[in-house]
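Inspection log for the structure reproduced underneath, given as structure tokens.
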Amino acid sequence: MSITQKDLKKSKDLVEKLLKVQGHKYNDWLHQQHQTFIEDNQDLILEALSAFTEPEEKETPKEDAPSHVSSHENPVVHN
């Protein structure tokens, strides 16, 4: 059974009222919930980020590729 928009609104309204009675703001509470979830999943986040920041393996140069290019093979044009 999926949650309907009506169910979500009903829950949100109730939580907002309860928080207000306790002297808290809903958005502050919701932000704290997000922060807690992020902190609880920090290991997963760091693992995923490290996949993008690991150094790439360097390719070894091919033996048949020239190690240098002489200036007459690729002349530089100055404007």
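We count residues from 1, following the sequence as given.
Note on W29: it does not cluster hydrophobically with F37, by side-chain heavy-atom contacts below 4.5 Å among ILVMFWY residues.
The OG1 atom of T36 lies 9.5 Å from the NE2 atom of H31; values are rounded to the nearest 0.5 Å. Interatomic distance, K25 NZ to E16 CD, rounded to the nearest 0.5 Å: 12.5 Å. One distance of note links CG of N27 with CD of Q32; it measures 13.0 Å at 0.5 Å rounding.
Listed by chain and number, the residues in a side chain to side chain contact (heavy atoms under 4.5 Å, CB included) with H24 are L19, Q22 (sequence neighbours excluded). When the side-chain hydrogen bond (donor to acceptor under 3.5 Å, both in side chains) test is applied to K9, the partners found at least two apart in sequence or on another chain are D13.
Heavy-atom neighbours of Q5 CD from other residues, nucleotides or ligands within 6.0 Å: at or below the threshold of 12. Remark: L44 CG is packed, more than 12 non-hydrogen atoms of other residues, nucleotides or ligands lying under 6.0 Å away.
A side-chain donor-acceptor contact under 3.5 Å links S50 to the backbone of E47.
You'll find the side chain of K12 stays beyond 4.5 Å of the side chain of L8, heavy atoms only.
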